Amino acid sequence: MNEILKGHVKSKSTNKALLLFRNTWRRRGRRDDCSIDSYTVLFVLKACMIRSCEEEIKHVHALVLKLGFHCIVFVQTMLVNSYSGARLVKDAHKVFDEMPERNVVCWTGLISAYVDNGRPDRALKLFREMQMENVEADSVTVTVALCACADLGALEMGEWIHSYVRCKRGFKMDLQLKNAVINMYAKCGDIGAARRMFDELGRSRNVTTWTSMIVGHALHGQAEEALRLFEEMRSRKHGVMVPNDVTYIGVLMACSHAGLVEEGRRYLESMSKECGLSPRMAHYGCMVDLLCRRGQLNDAYQFVVDMPIRANAVVLRTLLSACSLQGNIALGAKVRRQLLETEPDHASDNVIMSNAYAAAGMWDAKEMVRAQMKHARKVPGCSSIELKSSVHKFISGDSRRQALRNSARS
DNA sequence: TTAGGGTTAG
């Protein structure tokens, strides 16, 4: 049965996998050869992880305890990963805490869990704890830790990790890790270091290497270089290098930062025509941003109306912010009405609109929005700085400073 | 037979 389960999970047929397991579970006891073992629950947990269903994971977790498989490290690691996939980081951490022995894979699983769930600061703290427990990081752990640095903008920590892997004897830096280094430098503001690493890679670059560098240049406002790299990537010089949908996000971001409307439209069109890729919300979002930055608000609105998919709140908010900044009250009010349908109770939309009314001297309208805001949920603003490889987080309206002691140099 | 890799709009 395990082989069939494995096949279903591999082909992402999670329904079939769970159905097979349920039937086998029901039949248990009637036959002597009940084939449920720790491998079975491992595959079932993997199916649950793909589905990210909280109830299913908790149900299988209960079964794991009942069957006595809770001390098997493979099962425990899969539980950590499954809980993380369902955004239940506390549960993932609880499983980890209860593990009698932890190896590098389960440490990496929990570090990834925090990165995946928007807590890169906690991820780096764990990375340091892991080292203090003398568990040696491997290339996967380091790749994930570098991603946490990139998310936090923690350049010092990223540099330390980079020099650690370069100096450590016998440590093999594979391409995925090198790509993570490029991404870390680009996101942490050292575009020169990112580019040096990219140049060093030469012919061993893959599509992710190219994409990371294109996105990096775009984020630094170096649109010309980003687009030049894209054209170079597509030239025969580098063999067959097919851009993917993320590469196109980088290209559209570059166009947006440089105000290249026509080029942006052309790239969006070429995405499906030349590469057979379907634009996603993020691509349309880039185009809306591009039109807005050029001051073409009506074109941006028409673009949203003509989009083959319904605009999400992020796209509408891009448009609303641009209307507010450029003083287009009428269009702003129209977009805000759509936003209220798409995502009501988002305080920042009302703040944007209220400020727009205030800037236009429309005090009654402003007061009306302010009155509505009293019932809205407010999410506090948050920022962080890195000092001597420690990340310090500040929450607005909160005098407490959360010093996150994740010093790297221990 | 068994666990981990992270280039994504604002």
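Since this is a predicted model, take the numbers as computed values, not measurements. No hydrogens, no waters, no symmetry mates; every other heavy atom, side chains included, goes into these values. The sequence lines fix the lettering, A, B, ..., with proteins before strands; numbering per chain opens at 1.
- The shortest distance between the side-chain N/O atoms of Asn183(A) and the OP1/OP2 oxygens of dT7(B) is below 4.0 Å.
- Among the heavy atoms of the strands lying under 4.0 Å from Asn2(A) is at least one base atom, whether or not backbone atoms are also near.
- Note on Tyr284(A): nothing from the nucleic acid sits closer than 4.0 angstrom, heavy atoms only.
- Residues of residues 134-149 of chain A that place a heavy atom closer than 4.0 Å to DNA chain B, in numerical order, are Asp138(A), Ser139(A), Val140(A), Thr141(A), Thr143(A), Cys147(A).
- Residue Thr108(A) has its side chain nearest to dG4(B) when only dG4(B), dT8(B), dA3(B) are considered.
- At the heavy-atom level, Val80(A) lies nowhere under 4.0 Å from the strands shown.
- Residue-level contact check: Met281(A) touches the bases, meaning some heavy atom is under 4.0 Å from a base atom.
- For the pair Glu136(A) and Lys168(A), the salt-bridge criterion is met [side-chain N within less than 4.0 Å of a carboxylate O].
- In this structure, Glu224(A) has no salt bridge (Lys or Arg N to Asp or Glu O under 4.0 Å) partners at least two apart in sequence or on a different chain.
- In this structure, Phe43(A) does not pack face-to-face on the six-membered ring of dT2(B), missing the 5.5 Å centre cutoff or the 30° plane limit.
- Checked by atom type and distance alone, the side chain of Arg336(A) never pairs as donor or acceptor with a backbone atom of Leu320(A) at under 3.5 Å.
- Heavy atoms of Lys178(A) sit nowhere under 4.0 angstrom from any nucleic acid atom.
- Note on Arg293(A): a side-chain N or O is less than 4.0 Å away from OP1 or OP2 of dG10(B).
- In this structure, CZ in Phe127(A) is found 6.5 Å from CD1 in Ile111(A), a value given to the nearest 0.5 Å.
- At a cut-off of 3.5 Å, with distance as the only test, a side-chain donor of Ser256(A) or Asp289(A) sits close to an acceptor on the other residue.
- Note on Glu341(A) versus Arg337(A): no salt bridge recorded, every NZ/NE/NH1/NH2 to OD/OE distance being 4.0 Å or above.
- Distance from the side chain of Lys187(A) is smallest to dT8(B) among dG10(B), dT2(B), dT8(B).
- Here Leu177(A) lies in heavy-atom contact (under 4.0 Å) with a base.
- For dG5(B), the base has a donor-acceptor partner in the side chain of Asp174(A) [N/O atoms by modelled type, under 3.5 angstrom].
- Under 3.5 Å, the side chain of Thr211(A) and the base of dT7(B) form at least one donor-acceptor pair of N or O atoms.
- At the heavy-atom level, Asn312(A) lies under 4.0 Å from base atoms of the strands shown.
- Using a 4.0 Å heavy-atom cutoff across all strands shown, Val75(A) reaches no nucleic acid atom at all.
- Residues Asp199(A) and Arg195(A) are paired through a salt bridge, judged by an N-O separation under 4.0 Å between the basic side chain and the carboxylate.
- Here Lys10(A) does not reach the OP1 or OP2 of dT1(B): none of its side-chain N or O atoms lies under 4.0 Å away.
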